[in-house]
Amino acid sequence: MRCETILAVPNPYPVVINCRDRIAPLRKLIGWLERHGHQRIVLVGNASTYPPLLRYLERTKHTVVRLDRNTGHLAPWEASVIDIHIGPDEYYVETDCDVVPESFCPGDVLDLLRQVL
(Lines give C-alpha, C1' and ligand atoms only; values in the text may rest on other atoms or scores of the structure.)
Protein backbone atom coordinates (compact mmCIF):
# COMPACT_ATOMS: atom_id res chain seq x y z
CA MET A 1 0.00 0.00 0.00
CA ARG A 2 1.34 3.41 -0.97
CA CYS A 3 0.91 6.40 1.26
CA GLU A 4 0.73 9.74 -0.52
CA THR A 5 1.41 12.93 1.43
CA ILE A 6 -1.33 15.50 0.95
CA LEU A 7 -0.52 19.12 1.73
CA ALA A 8 -3.01 20.81 4.02
CA VAL A 9 -1.84 24.30 3.13
CA PRO A 10 -2.06 26.02 -0.25
CA ASN A 11 0.96 25.50 -2.45
CA PRO A 12 2.55 28.87 -3.24
CA TYR A 13 3.66 28.03 -6.78
CA PRO A 14 1.37 29.00 -9.65
CA VAL A 15 1.20 26.43 -12.45
CA VAL A 16 0.63 27.31 -16.12
CA ILE A 17 -0.45 24.36 -18.25
CA ASN A 18 -0.23 24.50 -22.04
CA CYS A 19 -3.21 22.49 -23.37
CA ARG A 20 -3.99 21.28 -26.85
CA ASP A 21 -6.53 18.57 -27.64
CA ARG A 22 -5.70 16.17 -24.78
CA ILE A 23 -8.01 15.61 -21.84
CA ALA A 24 -7.10 12.38 -20.00
CA PRO A 25 -3.58 13.39 -18.91
CA LEU A 26 -4.79 16.91 -18.11
CA ARG A 27 -7.37 15.53 -15.68
CA LYS A 28 -4.67 13.43 -13.99
CA LEU A 29 -2.30 16.39 -13.76
CA ILE A 30 -4.98 18.72 -12.35
CA GLY A 31 -5.97 16.04 -9.83
CA TRP A 32 -2.36 15.65 -8.66
CA LEU A 33 -1.89 19.42 -8.40
CA GLU A 34 -5.12 19.92 -6.46
CA ARG A 35 -4.31 17.06 -4.05
CA HIS A 36 -1.04 18.80 -3.27
CA GLY A 37 -2.50 22.22 -2.54
CA HIS A 38 -2.10 24.01 -5.86
CA GLN A 39 -4.79 26.61 -6.23
CA ARG A 40 -3.33 28.99 -8.83
CA ILE A 41 -3.61 26.96 -12.01
CA VAL A 42 -3.80 28.67 -15.39
CA LEU A 43 -4.82 26.58 -18.40
CA VAL A 44 -3.73 27.87 -21.80
CA GLY A 45 -6.10 26.51 -24.46
CA ASN A 46 -3.65 26.53 -27.33
CA ALA A 47 -6.25 26.69 -30.18
CA SER A 48 -7.76 23.41 -29.02
CA THR A 49 -10.54 21.87 -31.11
CA TYR A 50 -11.17 18.61 -29.21
CA PRO A 51 -14.76 18.85 -27.87
CA PRO A 52 -14.16 17.00 -24.55
CA LEU A 53 -11.28 19.36 -23.75
CA LEU A 54 -13.32 22.41 -24.74
CA ARG A 55 -16.13 21.29 -22.39
CA TYR A 56 -13.61 20.77 -19.58
CA LEU A 57 -12.17 24.26 -20.12
CA GLU A 58 -15.68 25.73 -19.97
CA ARG A 59 -16.44 24.08 -16.61
CA THR A 60 -13.15 24.22 -14.73
CA LYS A 61 -12.76 26.44 -11.68
CA HIS A 62 -9.24 27.33 -12.80
CA THR A 63 -8.25 30.31 -14.93
CA VAL A 64 -8.47 29.59 -18.66
CA VAL A 65 -6.79 31.61 -21.40
CA ARG A 66 -8.01 30.62 -24.87
CA LEU A 67 -5.83 31.24 -27.89
CA ASP A 68 -7.23 31.38 -31.41
CA ARG A 69 -4.09 29.94 -32.98
CA ASN A 70 -1.63 27.24 -31.96
CA THR A 71 1.61 28.91 -30.99
CA GLY A 72 3.23 25.72 -29.69
CA HIS A 73 5.34 25.40 -26.60
CA LEU A 74 5.92 29.15 -26.37
CA ALA A 75 2.20 29.95 -26.11
CA PRO A 76 2.24 31.03 -22.43
CA TRP A 77 4.92 33.63 -23.17
CA GLU A 78 3.78 34.73 -26.62
CA ALA A 79 0.25 35.29 -25.32
CA SER A 80 1.63 37.18 -22.26
CA VAL A 81 0.02 34.67 -19.90
CA ILE A 82 3.13 34.61 -17.72
CA ASP A 83 3.32 38.42 -17.59
CA ILE A 84 -0.38 38.79 -16.72
CA HIS A 85 -0.88 35.95 -14.21
CA ILE A 86 2.53 35.59 -12.52
CA GLY A 87 4.32 38.16 -10.38
CA PRO A 88 7.68 39.44 -11.68
CA ASP A 89 9.70 37.85 -8.85
CA GLU A 90 7.53 34.79 -8.37
CA TYR A 91 8.64 31.21 -8.91
CA TYR A 92 6.21 29.29 -11.12
CA VAL A 93 5.84 26.11 -13.15
CA GLU A 94 5.06 25.97 -16.86
CA THR A 95 4.24 22.54 -18.22
CA ASP A 96 2.34 20.65 -20.88
CA CYS A 97 -0.88 18.85 -20.06
CA ASP A 98 0.68 15.42 -20.56
CA VAL A 99 3.46 15.80 -17.98
CA VAL A 100 1.91 13.97 -15.03
CA PRO A 101 3.91 13.25 -11.86
CA GLU A 102 4.09 9.60 -10.81
CA SER A 103 2.14 8.59 -7.71
CA PHE A 104 5.37 8.37 -5.67
CA CYS A 105 6.37 11.95 -6.52
CA PRO A 106 6.46 13.93 -3.26
CA GLY A 107 3.95 16.73 -2.86
CA ASP A 108 6.73 19.17 -1.99
CA VAL A 109 8.71 18.43 -5.17
CA LEU A 110 8.58 22.10 -6.20
CA ASP A 111 10.20 23.15 -2.93
CA LEU A 112 12.91 20.59 -3.56
CA LEU A 113 13.47 21.84 -7.12
CA ARG A 114 13.59 25.44 -5.92
CA GLN A 115 16.30 24.51 -3.43
CA VAL A 116 18.32 23.04 -6.30
CA LEU A 117 18.10 26.36 -8.15
Side-chain angles (χ1 to χ4, degrees):
M1 176 198 258
R2 272 195 194 130
C3 180
E4 186 172 309
T5 304
I6 306 298
L7 297 179
V9 296
N11 195 303
Y13 303 104
V15 178
V16 176
I17 304 172
N18 197 357
C19 308
R20 176 150 172 98
D21 298 338
R22 300 197 67 192
I23 186 67
L26 176 63
R27 287 180 188 271
K28 289 179 185 176
L29 175 57
I30 295 288
W32 189 93
L33 291 169
E34 289 175 344
R35 283 191 305 278
H36 295 287
H38 290 275
Q39 297 176 347
R40 291 181 52 205
I41 299 173
V42 180
L43 304 171
V44 179
N46 202 357
S48 297
T49 59
Y50 186 53
L53 176 60
L54 296 176
R55 285 191 296 275
Y56 181 86
L57 294 177
E58 288 173 8
R59 292 185 286 223
T60 185
K61 66 181 179 181
H62 302 293
T63 301
V64 175
V65 177
R66 293 177 187 261
L67 304 181
D68 58 2
R69 66 185 184 92
N70 180 1
T71 57
H73 68 283
L74 296 177
W77 292 276
E78 289 184 2
S80 299
V81 173
I82 303 298
D83 295 334
I84 294 168
H85 295 280
I86 310 297
D89 297 321
E90 195 170 16
Y91 287 97
Y92 66 93
V93 172
E94 190 282 331
T95 188
D96 281 351
C97 64
D98 58 355
V99 179
V100 181
E102 292 288 339
S103 60
F104 57 81
C105 184
D108 63 348
V109 66
L110 298 180
D111 287 325
L112 299 172
L113 292 173
R114 182 172 176 236
Q115 289 174 16
V116 171
L117 285 175

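A quick note: this is a predicted structure, and the numbers were derived from the prediction, not measured. Starting from 1, each residue takes its place in the sequence as its number.
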Legend entry - Verdict with supporting geometry, Ile41 and Ile30, side-chain contact (heavy atoms from CB on, under 4.5 Å): CA-CA 8 Å; Ile41 299 173; Ile30 295 288; 3.8 Å; yes
Inset, instruction - Kindly give the heavy-atom pair with the smallest separation between Pro25 and Val100, and that separation in Å. - result: O-CG2, 3.4 Å
Legend entry - Ile23 vs Tyr50 side-chain heavy atoms within contact, under 4.5 Å: yes
Legend entry - Spacing of Gln115 atom CD and Asp108 atom CG [to the nearest 0.5 Å]: 8.5 Å
Inset, instruction - Taking all heavy atoms of Ser48 and all of Cys19, pick out the closest pair and write down the distance. - result: OG-O, 3.3 Å
Inset, instruction - Check whether Leu113 and Tyr92 end up in the same hydrophobic cluster, where Ile, Leu, Val, Met, Phe, Trp and Tyr are linked by side-chain heavy atoms less than 4.5 Å apart. - result: no
Inset, instruction - Determine whether Leu26 and Leu43 make a side-chain contact, defined as any pair of heavy atoms from C-beta on separated by less than 4.5 Å. - result: yes
Inset, instruction - Identify the heavy atoms of Ala47 and Asn70 that sit nearest to each other, and give their distance. - result: CB-N, 3.3 Å
Inset, instruction - Can you sort out the partners of Arg20 under side chain to side chain donor-acceptor pair (under 3.5 Å), two or more places apart, ordered by chain and number? - result: none
Legend entry - Contact check, side chains of Leu117 and Tyr91, non-hydrogen atoms, under 4.5 Å: yes
Inset, instruction - For the residue pair Val93 and Pro14, establish whether any side-chain heavy-atom pair is separated by less than 4.5 Å. - result: no
Legend entry - Check: Gly31 main-chain N/O paired with Arg35 side-chain donor or acceptor under 3.5 Å: yes
Inset, instruction - Indicate if Val109 and Leu29 have the same hydrophobic cluster label, given that clusters are the connected sets of ILVMFWY residues with side-chain heavy-atom separations under 4.5 angstrom. - result: yes
Legend entry - Asn18 (side chain) donor-acceptor with Leu74 (main chain) under 3.5 angstrom: no
Using a 3.5 Å cut-off and no angle test, enumerate the donor-acceptor pairs between side-chain atoms of residues 82-90 and protein atoms at least two apart in sequence or in another chain.
{"from": "Glu90", "atom 1": "OE1", "to": "Arg40", "atom 2": "NH2", "distance (Å)": "3.4"}
{"from": "Glu90", "atom 1": "OE1", "to": "Gly87", "atom 2": "N", "distance (Å)": "2.7"}
{"from": "Glu90", "atom 1": "OE2", "to": "Arg40", "atom 2": "NH1", "distance (Å)": "2.4"}

Legend entry - Residues which pass side chain to side chain donor-acceptor pair (under 3.5 Å) with Glu78, listed by chain and number, not counting sequence neighbours: none
Inset, instruction - Could you tell me which residues satisfy side chain to side chain donor-acceptor pair (under 3.5 Å) with His73, sequence neighbours excluded, listed by chain and number? - result: none
In a table with atom names and distances, give each donor-acceptor pair under 3.5 Å that connects a side chain of residues 54-69 to protein atoms at least two apart or in another chain.
{"from": "Thr60", "atom 1": "OG1", "to": "His62", "atom 2": "N", "distance (Å)": "3.2"}
{"from": "His62", "atom 1": "NE2", "to": "Glu34", "atom 2": "OE2", "distance (Å)": "2.7"}

Legend entry - Side-chain heavy-atom pair Ile17, Asp96 within 4.5 angstrom cut-off: no
Inset, instruction - Under the side chain to side chain donor-acceptor pair (under 3.5 Å) rule, collect the residues that match up with Arg22, sequence neighbours excluded. - result: Asp98
Legend entry - From CA spacing to verdict: side-chain contact (heavy atoms from CB on, under 4.5 Å), Trp32, His36: CA-CA 6 Å; Trp32 189 93; His36 295 287; 3.3 Å; yes
